Amino acid sequence: MSRPPGRKQENHKISRELFVLTYGALVAQLCKDYEKDEDVNTCLDRMGHSIGVRLIDDFLARSAVKKCRSYSETAEMIAQVAFKMYLGVTPSVTCSSPAGNEFSLILDKNPLVDFVEELPAERASLCYCNLLCGVIRGALEMVHLAAEVTFLQDRLKGDPVTEIGITFLRKAEDRKHKR
Amino acid sequence: VGHAVLAINGAEVNGRLTADGKDVLEFLSNPANYPVSIRFGRHRLSSNEKLMLASMFHSLFAIGSQLSPEVGSSGIEMLETDTFKLHCFQTLTGIKFVVLADPRQAGIDSLLHKIYEIYSDFALKNPFYSLEMPIRCELFDQNLKLALEVAEKAGPFGPGS
């Protein structure tokens with residue numbers, strides 16, 4: 001939540017239930033608007049992307065982190081600092097490729113699915129939390145890192161864990177030549 | 001000496017007229033209006049001048065980082081002249097915040113970080129603000145003004161510009 005300057009740092013907390021319910025209402029509405037699961041997924045990803053491009057500056061301004069020097073540092077930063085700051089959970093990170101550009105975030109707890117146990121039968125391929133993928137993708141884009149972010153496993157679909165896969169697409173551009 | 005009247009009693013001055021449209025010198029010479037608080041400072045830059053400064057500095061910044069003998073240098077962080085100091089802070093997302101201040105003004109680094117926070121709050125979180133466009137958000141302006149006032153008071157030798 002934003003902190004008004006010149007006043008003492010008040011933490012305006014809104015109830016977690018309200019946030020989770022709002023997200024649920026968003027997904028429910030998208031399901032009414034679009035018949036196909038892929039369309040809902042794309043829409044969620046797009047929304048997440050526009051959140052991510054704005055959220056990144058909030059993250060950088062508040063956490064005062066230094067520039068990451070490797071993909072693995074970046075993945076750790078996302079899991080340990082960003083997820084903690086915004087969702088209050090800390091997924092564990094594993095590197096899933098010898099090339100060092102594919103990572104997995106294993107989510108033990110996911111606040112967004114607090115009230116959802118499983119997907120309805122007619123929505124079997126819905127990625128309920130696809131917004132998160134868009135957010136990560138948008139945020140990385142703004143620090144000049146192109147990445148593909150998808151759900152590799154989803155508890156809602158019956159998998160044992162929820163796993164987000166991040167694949168960094170090309171070498172991080174040398175910042176001296178940018179902007 | 002190179003300074004101009006910037007504000008009277010807190011309201012900004014527009015050329016030779018006050019905010020209500022009265023002539024400044026007339027207002028100041030009428031004893032009925034005392035006590036009056038006047039803010040002096042260097043001339044404010046026009047929008048055009050700001051654009052020119054920004055685009056010139058943007059190129060200098062890029063050239064500076066490449067010319068630097070140190071490997072992995074950032075761009076220009078500070079430019080010092082006799083009459084002013086230019087401070088620049090570049091975020092990891094590539095946005096540059098540039099502050100022109102009095103050479104003796106202290107606390108600009110924290111001001112730049114504060115402005116980054118204000119930008120990320122009141123510009124980026126405003127759903128009607130589009131990225132890369134000029135910022136016309138009321139809350140952003142208000143909070144920016146507050147932050148500048150705080151920074152000016154903190155300076156050891158009076159207000160910056």
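Since we're looking at a predicted model, the values are computed, not measured. Only heavy atoms go into these numbers, but all of them, side chains included; no hydrogens, no water, no symmetry mates.
- A distance of 8.0 Å separates CE of A:Met142 from OG1 of B:Thr91, quoted to the nearest 0.5 Å.
- When all heavy atoms of A:Arg62 and B:Asp121 are compared, the pair lying nearest together is NH2-OD1, 2.7 Å.
- Within a 6.0 Å sphere centred on CD of A:Glu73, heavy atoms belonging to other residues, nucleotides or ligands number more than 12.
- The most heavy-atom pairs under 4.5 Å with chain A, out of B:Ser120, B:Ser74, B:Pro127, come from B:Ser120.
- When all heavy atoms are compared, the tightest approach of B:Leu92 to A:Lys67 is CD2-CB, 3.7 Å.
- Hydrophobic clustering (ILVMFWY, side-chain heavy atoms < 4.5 Å, transitive): B:Leu131 and B:Leu139 are in one cluster.
- Of all heavy-atom pairs between A:Arg54 and B:Ala123, the closest is NH1-O, 4.0 Å.
- A:Tyr34 OH: 12 or fewer foreign heavy atoms inside a 6.0 Å radius.
- The 12-atom threshold is not exceeded at CD of B:Glu77, counting heavy atoms of other residues, nucleotides or ligands nearer than 6.0 Å.
- Transitive grouping of hydrophobic side chains (ILVMFWY, heavy atoms separated by less than 4.5 Å) brings A:Tyr86 and A:Val135 into a common cluster.
- With respect to the salt-bridge test (charged N to carboxylate O, under 4.0 angstrom), the residues A:Asp57 and B:Lys125 do not qualify.
- One distance of note links OH of B:Tyr116 with CG of A:Asp58; it measures 8.5 Å at 0.5 Å rounding.
- Under the 4.5 Å side-chain heavy-atom criterion for ILVMFWY residues, a single connected hydrophobic cluster contains both A:Val116 and A:Leu132.
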